[in-house]
Amino acid sequence: MTDITKPLPGQERYVAPLDETPLRAVDNVDETAPATSMWADAWRTLRKNPLFIISGILILFIVFVALFPGVFTKNDPNYCNLDNYLDGSRPGHPFGFDAQGCDIYSRVVYGTRTSLSVGILTTVIVVAVGTLIGAIAGFFGGWVDAVLSRIVDIFMAIPMLLGAIVVLQMFRTVTSLWKVVLVLALFGWVSTARIARGAVLSSKNLEFNTASTALGSTPMRNLFRHILPNSLAPIIVIATTSLGSYIVSEATLSFLGIGLPSTTVSWGGDISNAQSILRTNPMVLFYPSVALAITVLAFIMMGDAVKDALDPKSRTA
């Protein structure tokens, strides 16, 4: 009888002894290392990203200015004296005065609160509404997904700025910051809904959801306890990226004269008021424009850094 364990001629294989190969050290797993997660890995990446550090410092400074404007100026932004018409800088008024005799520096400082409030409030509403609608559509599928997706398509076909202009023109008599926030959220939630729907569709068929269902968990508990937390990464990315665009949209609407009321100090309103004297006194428009640009740039940089950390495929370095 032939020994089947003995190789035939020409079929011999050389196997190196374990003590002669380095593979054992390469394949070794350090079981004493602490457990990690996607969020911990993302934070480790963000801490080493100069883009995140610079944008984070800028955003913290902008938030501090918005919360405590009195630390930076003691002047009332609504106090205007025509005797100061387009006067240049002087002690206590480093940016000079506008055409109404208002202190430009104090208006730039206090305008931070308005623009930041619109951006943050709009983003919170957009993320809440868009995530809920997109998650329900992706999780339940069928006719629920079909109906909600068609609603998203309808709103997607309407440009946000154009839709906001039409709606704000219908409610010109209502003067409130919340009016601008709600109108921007009305046309801004669709992108978040599409992202949330795709993320939930990718997560709902994974093993953790199947295991949770097998253990007796209800569908709604699975959705809010397991699937949504594992779908937050792309939603956070689009939220941080979109916040700057909402600030720009508010400034654009105020520039067109249909955004915030004229009594509200805002960068967009000051830019609109300065357009008539742009040729003779460009610095009146320069200061609120630079403040707006720096704020938007900070949030865009933060969005890019977060995107690189949470989505390895999109990393630029």
Side-chain angles (χ1 to χ4, degrees), residues 37-39 41-42 45-46 118-164 167 181-249 299-300 302-315:
S37 65
M38 178 187 69
W39 303 105
D41 291 339
T45 303
L46 286 173
V118 171
I120 292 176
L121 291 174
T122 304
T123 302
V124 169
I125 296 175
V126 162
V127 169
V129 175
T131 301
L132 181 62
I133 293 176
I136 291 175
F139 183 75
F140 290 101
W143 68 268
V144 176
D145 185 20
V147 171
L148 293 178
S149 294
R150 297 299 75 76
I151 294 174
V152 169
D153 291 340
I154 292 171
F155 279 90
M156 204 72 167
I158 305 174
M160 182 177 69
L161 198 58
L162 179 60
V167 175
V181 169
L182 294 176
V183 170
L184 290 177
L186 176 64
F187 296 100
W189 62 272
V190 287
S191 298
T192 305
R194 291 172 69 98
I195 296 294
R197 176 181 176 273
V200 169
L201 282 173
S202 302
S203 301
K204 74 173 185 178
N205 294 322
L206 296 179
E207 290 81 359
F208 66 84
N209 185 42
T210 306
S212 180
T213 303
L215 292 173
S217 180
T218 61
M220 295 304 293
R221 179 180 174 83
N222 284 346
L223 175 61
F224 290 102
R225 189 71 179 270
H226 303 292
I227 296 177
L228 268 183
N230 284 277
S231 306
L232 286 179
I235 297 172
I236 292 174
V237 169
I238 193 174
T240 52
T241 306
S242 300
L243 195 150
S245 66
Y246 297 134
I247 295 177
V248 172
S249 298
F299 282 104
I300 291 176
M302 176 67 73
D304 287 341
V306 172
K307 179 178 66 175
D308 289 345
L310 294 178
D311 185 8
K313 296 179 182 177
S314 68
R315 288 181 182 172

Worksheet entry | Nearest-0.5 Å distance that lies between atom CZ in Phe155 and atom CZ in Arg150 | 14.0 Å
Item to complete: Search all heavy atoms of Val152 against all heavy atoms of Trp189 and return the closest pair with its distance.
Response: CG2-CZ3, 3.7 Å
Worksheet, complete the sentence: Nearest heavy-atom contact between Leu228 and Ala135 is CD2-CB, 3.8 Å
Worksheet, complete the sentence: Heavy atoms of Pro234 and Ala199 approach each other most closely as CG-CB, 3.9 Å
Fill in: Gap separating the CZ atom of Phe187 from the OG atom of Ser249, nearest 0.5 angstrom
12.0 Å
Practice prompt. Check each of Leu186, Leu184, Thr192 against Val126 using the side chain to side chain contact (heavy atoms under 4.5 Å, CB included) test, and report the only one that passes.
Written response: Thr192
Worksheet item: Between Leu201 and Gly138, what is the shortest heavy-atom contact and its length?
Response: CD2-O, 3.3 Å
Discussion item. I need the single residue from Asp145, Val147, Ile151 that forms a side chain to side chain contact (heavy atoms under 4.5 Å, CB included) with Ser149. Which is it?
Written reply: Asp145
Worksheet item: CG/Leu232 to OG1/Thr131 distance, rounded to the nearest 0.5 angstrom?
Response: 7.5 Å
Worksheet entry | Any Val144 side-chain heavy atom under 4.5 Å of Leu148 side chain | yes
Item to complete: Take Val129 and Ile125 through the side chain to side chain contact (heavy atoms under 4.5 Å, CB included) test and state the conclusion after the steps.
Response: CA-CA 6 Å; Val129 175; Ile125 296 175; 4.2 Å; yes
Worksheet item: Which one of Val181, Thr123, Ile120 satisfies the side chain to side chain contact (heavy atoms under 4.5 Å, CB included) criterion with Tyr246?
Response: Thr123
Worksheet item: Under 3.5 Å, side chain of Ser242 to main-chain N/O of Ala239, donor-acceptor pair present?
Response: no
Discussion item. Can you confirm whether Arg194 sits close enough to Ile133 that some side-chain heavy atom of one is under 4.5 Å from a side-chain heavy atom of the other?
Written reply: no
Practice prompt. Can you measure from CD1 (Ile136) to CZ (Arg197) and round to the nearest 0.5 angstrom?
Written response: 13.5 Å
Item to complete: Give the minimum heavy-atom separation between Met156 and Ser191, together with the two atoms involved.
Response: CE-OG, 4.1 Å
Worksheet item: Rounded to the nearest 0.5 Å, what separation is found between the CG atom of Asp304 and the CZ atom of Phe299?
Response: 13.5 Å
